[in-house]
Structures are given as C-alpha cells and as structure tokens.
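Working notes, beginning with the structure itself.
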Amino acid sequence: MIRDAIATLVRDAAAAAQREGEIPAVTLPEVLIERPQRAENGDYSSSLPMRLRRAVGGQTNPMQLAQAIARRIDASEMVREVVPAPPGFINFFIDDAWLQRQVEQIVEAGPSFGTNPSGAGRRVQVEFVSANPVGPLHVGNGRGAVTGSTLAAVLEANGFAVEREYYVNDAGTQTDTFGRTLYARYEQQFGRDVPVPEDGYPGEYIVELAGQIKEEFGDRFRVAPAAALKELGIARMLDSIRDDLAALGVRYDRFFSERSLFTDHTYEKTMDLLRERGHVSEKEGAVWFTAPQLGQDRDNVLVRSGGSPTYFASDIAYHYDKFVLRAFDRVIDIWGADHQGHVARMKTAVDALGIDPERLTILLYQLVTLKRGQTVVRLSKRSGDIITMREVVEEVGADACRFFFLMRSPDSAMDFDLELAKEQSNENPVYYVQYAHARIAGILRKAAEEGIDCTAGDVALLRHPAELALIRSMLVYPELIEAAAARLEAHGLPHYAKQLAQDFHVFYTECRVVSEDAALSQARLKLVKAAQTVLANVLGLMGMSAPERM
RNA sequence: GCCCCCGUAGCUCAGCGGAGAGAGCAGCGGUCUUCUAAACCGUUGGUCGCAGGUUCGAGUCCUGCCGGGGGUACCA
C-alpha cells in the first residue's frame, strides 16, 4: 500500500538523520501519513516534524526537521518529489508514470483489487439482527442487517475468516407469549372466541399465520400439545425472516438456536464456570450475576425466582459457546441502541468467564425513523400496523435500502425517507453511483462493437487531469478497505463510491473514449476497465448490484 | 437522577489531533449532432450548540452547561 511505503520512507529517513546527528536521538513518534486536502500540498504528507518537536524539546524548528528528513528521501519510481513545507510538513508527490501504470495493476487484480491479507485467516464472528422470531423484521432490523453484512464483507476483504450468525431466541418468554397468541388466533380460525392474551401480540401477521396453519394442517393443533403449535409458528416466522433478509441481499452462515444451549448443556457448563469463579449469588429467591471486582456495580438476575433463566443468562452461555467452544478469535455483536444497557454487563460477563473482553466488540446502531417526505411513519411492533423491513425493501429496492443505511454513521439516529430513497433522480445518490457503472458498460459495449482491443494500450497516454484524478481516486480504495476494517465502520464505503463515481463522470464528460485516435482509445479503454473493476468491487462490498444498463 | 448517542451551510449529512472547514440536495446561471443529460461546469451559502481546558496545532481529545434521541425490569 502506498501509504505504508511512504511511512517507511519517512521512518527510515528520520532514523538516518538521527544516526547522522542532525536530529536528536529520541524515540520517534508513530509516523502517520495523511492525505492533504489541497492538491498543492501533494498526494500524501507527514506531520512527523511537528510531532517530533515535542520529543526533542521546544527549541528545534520543525521546518529544519522537515528539511533534514525530506533531504534523505530520494525520488523514486513512485515518489516524484518530496517537499518540506511550513510549518513542518513533509509533502509527497506521486509520479504520473507510476500512477498510469497502476491502471494495469488494477485491471490485472480484478475482483481482488483493494483486498489485503492482514487478517491472516483469523476467525471472526459477526452476529447481527438476531431479532426474536415472533414477528416480522422492522426497518431498524434492516439497518443492523446492512451494517452487519457489510462489515462481514469488509473483514473478509481484509483476510479474516468471517462467519455470519443470527442468534435465534427460541427459548425465552417472548416465544411463549407468541405461542399463546398464535393459539388464540388459531382457535379463532375455528370460530371459537378465544381472546388474545393481554400481553399478547396484536399484529395481523399472527392471524395470517394461524390461517395458513389451518389451511395446511386443519385442526391437528387443536388437540396437539400447545408447544407443537408454538414450534411450528416460530419455524414459520424464522423462514419468513430468512426470506426478508435474502431480499435485502443478506445471507448467514448459521442460525444459532438459543434452545440448543440448554439441550447440549452449554448453559449448565457456563453457569458452573461462573459459580466456580465466584460470580454467582442467591438472594430473594433468584440467582444473580455478581462481579463488583470487575466494575459491575449492580447485580443482575440470571435465574428468576420462578426458576426460569433470563435472556442475560443464556446470552452468557451463548458467548461461552462463541469464545470457548467455537474458539472465535474475535466476536462482533451488532445491536440496536435499545440494547445499550446490556453492553457493559455483557462485556463484564465475558470477562468473568475468564475471556479477554477485548475479543468482544459490541457495535450499537442508533434507531431509525421511517419517513415519507415530512411525515413520520411510526414503526411499532405492538401497534399491529407494522411497517416491515420487507415492505420497505419492496418499495425502494434492496440497493437503495443498503446504500441509505450505509451512508450514515451508526452513531447517528437516522431518518429513512421512503420518498427520497425511491426517487429516481439526481436527488438520489444510489443512481448516481450505479449510473457510472452503467455508463462504463455502455463504453465497453461500444468498444466491442468497434472491435477495439486494449491489451496493447499505452497507459502513458493518460495525461488528462480528469484521467489522473480518476486514477488517484481508484487508488484510495485499498486504503478505504483497510480503514473500514480497522475502525469497523462501513459508512465510508458509500461516500467513497460517490466520489469515485463523480471522478468517473467528470472523466466521461471530458474524455471521449472511443474516438478516431486509436492509440488513445485503447489507453482510455484500459482506464475504463480499471474504473469498472473498482466501482464493481465497492458496490459488491456494499452488497449492491452493478447494473450494465439503466 | 444515572448511562449511551447526536448537535457542522436552508435541508440531509461527511470530516484517522494537522495546512483558507467539505459533499449531496435545495437556490441561481450555463452545457446534449457524440460511448446513456439518472451527467457535467460555474455560483450563492458557516460564530462547527455554548463556555472553559489540554496541545506547536482542536470541528476532532478532556470537563461543565444547553438542546434532541435512546436506555435505565426477576422483557428481550
């Protein structure tokens, strides 16, 4: 990566200057390479001299340090010029010929362009959505789904062995409530006036489900044990959740059953371990998790006085399974902000199991408000008038859904405007990006018609500012992928895609590809192929399609 | 009360402690005989919520305050 190469140049030059006594022999601060905002300050820059100033004592002029370092970095094939700049920057200008040659590197790398092997096959689990299988997914689940699936893809692009998992809460009290509601709706199908339980779910979807079950199985479940109907209902809900996620382009490696933790005794093993390690106490007839020495100032219930385990208890067992039984190096849980209160105690619980809590990352995303223009559409699981994720995906399309969710930092509560997402106009950035790809496909079709073969194209002809800007833009991509994984942030992707698309659109406007100038046509065709590669790669990472026509 | 997130252009939002704060949309003015005008070019618009602090340097880090959202169960 260019950035790393430049960091090495700076580090080596600074060390040489120290050996030669021009810079005091202090420990060098970390060399960070930045991208200047203004082109006149180069392609990359280092502010090491100004940081160094603190280490060496106040009296040294950072500009002199910058000169001492810059002088020791020779121009190379990649770096055309190294310029010290006030008040103490070292600026790097990349050589045009080197940039031009990267076009061929990109085309050659194809789908692997931008990826890196730094993850070294370490096993990472990304667990996301994991909504209770008692109702359809809502819009907020969509945000989790898109964030999780994209981060998983980003980690894979960085060489991690990623497993995507959905934790199915098929053992808790909510499933009982669901079962009782379903039973009432089922009986109602046969004309019996069985009321929906007071704490039951009012949603119409359970009525529909009950109707389907009656149609398929008749009255079989009126005599069968109540558990059987609940089982079937949960299985059906899960099937529909799976379909909804597939419609958003989300796939999983595994759906993990909460109940399996009890049937295979993982739950007991985990509780035994917690007890052994002194984190279990009993009071008020309940069993509590206690860890004041780990900074948990309040105890939490593991087993209710009625004898049933809490969600927290099985979640601890679940994490024992992740870290100890399945031995993931790292686990990333993606939760909605409404689970915020659970974060600290979950990390403490992992710690209490003797697992390094650093191996667990819990990402929260803030809530989604669904809007239609100015009007807020309330999403309430309890209203019975649910705006489901499926409805949104069907209305605006999976691509627009993914792009809109990804655009915003998970830390910000977001409005999802259905009208804007659907808008097929210049107001909608989704089409702006995809249109760039469609335009590329158009050029490639035209070139094929004209029988242009670009293999012999000479990239040295790519001298137009728009061409060089496009190349520079493409070369940002590997850095983006690396940063996205390091910071576990996916929202840089759509912003980058917009930038890349813009650089392509400008190139398209300024530079005619298929023209009478055969040599230039071939060279530009190569550039177009490289642009297609990068655009398709970033769209792919976001789980979006790269259309050939629009 | 306590905990988490947010507050940047009219709107929606980017912005790893670095160089006159950026984008899209909206507004205003231009550009199709061409590989798709779902595009391009120009232009208007800012006390980065407020006040302190740390630093050579703060939109970015720390503290306090103000405003908005979420959480604070023997629910999940």
Side-chain angles (χ1 to χ4, degrees), chain A residues 32-38 40-41 45-47 50-51 53-54 58 62 85-89 91 130-132 134 169 172-175 177 199 258 284-288 297-298 300-312 314-315 336-344 364-367 369 407-415 417 420 423-436 438-447 449-450 479 483 486-487 489 491-492 494-495 498-499 501-502 504-515 521 524-525 528 549-550:
Chain A
L32 297 172
I33 301 300
E34 292 130 32
R35 280 184 166 276
Q37 288 178 359
R38 306 168 67 75
E40 66 195 56
N41 292 327
S45 81
S46 171
S47 56
M50 288 178 287
R51 295 166 193 284
R53 183 186 161 175
R54 195 170 314 166
F89 290 101
N91 294 336
S130 301
N132 286 338
V134 298
N169 294 116
T173 54
Q174 294 209 357
T175 58
T177 309
D199 60 345
E258 178 186 7
E284 299 157 23
V287 179
W288 300 72
D297 50 4
R298 209 178 57 191
N300 289 280
V301 173
L302 292 170
V303 183
R304 300 179 187 96
S305 47
S308 61
T310 60
Y311 166 87
F312 181 45
S314 53
D315 218 8
D338 51 340
H339 287 59
Q340 171 259 122
H342 192 50
V343 172
L364 296 179
Y365 58 89
Q366 299 297 314
L367 301 183
T369 306
M407 266 200 305
R408 273 134 190 65
S409 157
D411 287 339
S412 305
M414 73 175 282
D415 291 344
D417 186 341
L420 179 60
E423 185 97 28
Q424 301 209 358
S425 74
N426 51 1
E427 281 184 54
N428 193 329
V430 179
Y431 299 99
Y432 182 83
V433 173
Q434 292 186 319
Y435 184 53
R439 274 183 148 179
I440 288 172
I443 296 172
L444 296 179
R445 280 192 297 272
K446 172 86 173 174
E449 271 170 35
E450 310 265 323
E479 292 171 11
R487 292 152 62 185
E489 286 179 358
H491 68 278
H495 290 102
K498 268 164 71 177
Q499 182 61 52
Q502 180 180 331
F504 177 78
H505 284 309
V506 171
F507 160 76
Y508 182 95
T509 307
E510 306 257 326
C511 302
R512 173 83 198 175
V513 176
V514 179
S515 68
S521 296
R524 285 183 170 165
L525 197 54
V528 168
R549 289 171 207 278
M550 283 173 73

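Small disclaimer: the values here were computed from a predicted structure and weren't measured.
Nearest approach of A/Ala337 to A/Leu367, heavy atoms of both residues: N-CD2, 4.3 Å. The nearest pair of heavy atoms linking A/Ala501 to A/Val433 is CB-CA, 3.8 Å. Nearest heavy-atom pair, A/Glu258 versus A/Ser314, reported as atom, atom and distance to 0.1 Å: OE2-OG, 2.6 Å.
Distance check on atom C1': B/C28 versus B/G10 gives 14 Å, rounded to whole Å. Taking atom C1' in both B/C50 and B/G24, one finds a spacing of 29 Å when rounded to whole Å. Separation of the C1' atoms belonging to B/G18 and B/G57 is 7 Å when rounded to the nearest angstrom. Rounded to whole Å, the P atom of B/A9 lies 8 Å from the corresponding atom of B/G49. Spacing of C1' atoms, B/A26 relative to B/G64, comes out at 38 Å, to the nearest Å. Using atom P as the reference point in both B/U12 and B/C35, the two lie 41 Å apart (nearest Å). When the C1' atom is used for both B/G67 and B/G15, the distance is 23 Å, rounded to whole Å.
Nucleic acid contact for A/Ser47: base, since at least one base atom lies under 4.0 Å from a heavy atom of the residue. When heavy atoms are screened at a 4.0 angstrom cut-off, A/Val513 is found touching base atoms of the nucleic acid. Using a 4.0 Å heavy-atom criterion, one finds that A/Asn41 contacts the bases of the nucleic acid, with or without backbone contacts as well.
For A/Gln502, the side-chain hydrogen bond (donor to acceptor under 3.5 Å, both in side chains) criterion is met by no residue, not counting sequence neighbours. By the salt bridge (charged side-chain N to carboxylate O under 4.0 Å, His left out) test, A/Asp415 pairs with A/Lys371, sequence neighbours left out. Under the ring pair (Phe, Tyr, Trp, His ring centres under 6.0 Å) criterion, A/His342 pairs with A/Tyr311, A/Phe312, A/Trp335, sequence neighbours left out. Listed by chain and residue number, nothing satisfies the salt bridge (charged side-chain N to carboxylate O under 4.0 Å, His left out) test with A/Arg439 (two or more places apart in sequence, or in another chain). Applying the ring pair (Phe, Tyr, Trp, His ring centres under 6.0 Å) criterion to A/His505, with sequence neighbours excluded, gives A/Tyr432, A/Tyr435. Residues forming a ring pair (Phe, Tyr, Trp, His ring centres under 6.0 Å) with A/Phe89 (at least two apart in sequence, or on another chain): none. For the side-chain hydrogen bond (donor to acceptor under 3.5 Å, both in side chains) test, no residue two or more places apart in sequence or in another chain qualifies with A/Glu450. The side-chain contact (heavy atoms from CB on, under 4.5 Å) test applied to A/Arg51 returns A/Pro29, A/Leu32, A/Glu34, A/Ser47, not counting sequence neighbours.
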Distances under 3.5 Å between protein N/O atoms and the N/O atoms of nucleotides 54-58 of chain B, please, pair by pair.
residue : atom : partner : partner atom : Å
B/U55   : O2'  : A/Arg54 : NH2          : 2.9
B/C56   : N4   : A/Arg54 : NH2          : 2.9
B/G57   : O6   : A/Arg54 : NH2          : 3.3

What does the list of N/O pairs under 3.5 Å between the protein and nucleotides 27-33 of chain B look like, with a distance for each?
none

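A donor-acceptor pair is defined here as one N or O able to donate and one able to accept, closer than 3.5 Å; such a pair exists between the side chain of A/Arg512 and the backbone of A/Val514.
The base of B/A19 is paired with the side chain of A/Ser45 by a donor and an acceptor separated by under 3.5 Å.
Nearest to the side chain of A/Tyr432, among B/A39, B/A14, B/C35, sits B/A39.
The aromatic ring of A/Phe89 is not stacked on the base of B/G18, since the criterion of ring centres less than 5.5 Å apart with planes inclined by under 30° is not met.
To the nearest 0.5 Å, the span separating NE2 on A/His491 from CZ on A/Arg408 amounts to 10.5 Å.
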If a protein heavy atom is under 4.0 Å from the base, mark B; if only from the sugar-phosphate, S; if neither, -; do that for nucleotides 66-74 of chain B going 5' to 3'.
---BBSS-B
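Stem analysis of RNA chain B (at least three stacked-register Watson-Crick or G-U pairs, each with both distances under 3.5 Å) gives B:1-7 with B:66-72, B:10-13 with B:22-25, B:27-31 with B:39-43, B:49-53 with B:61-65.
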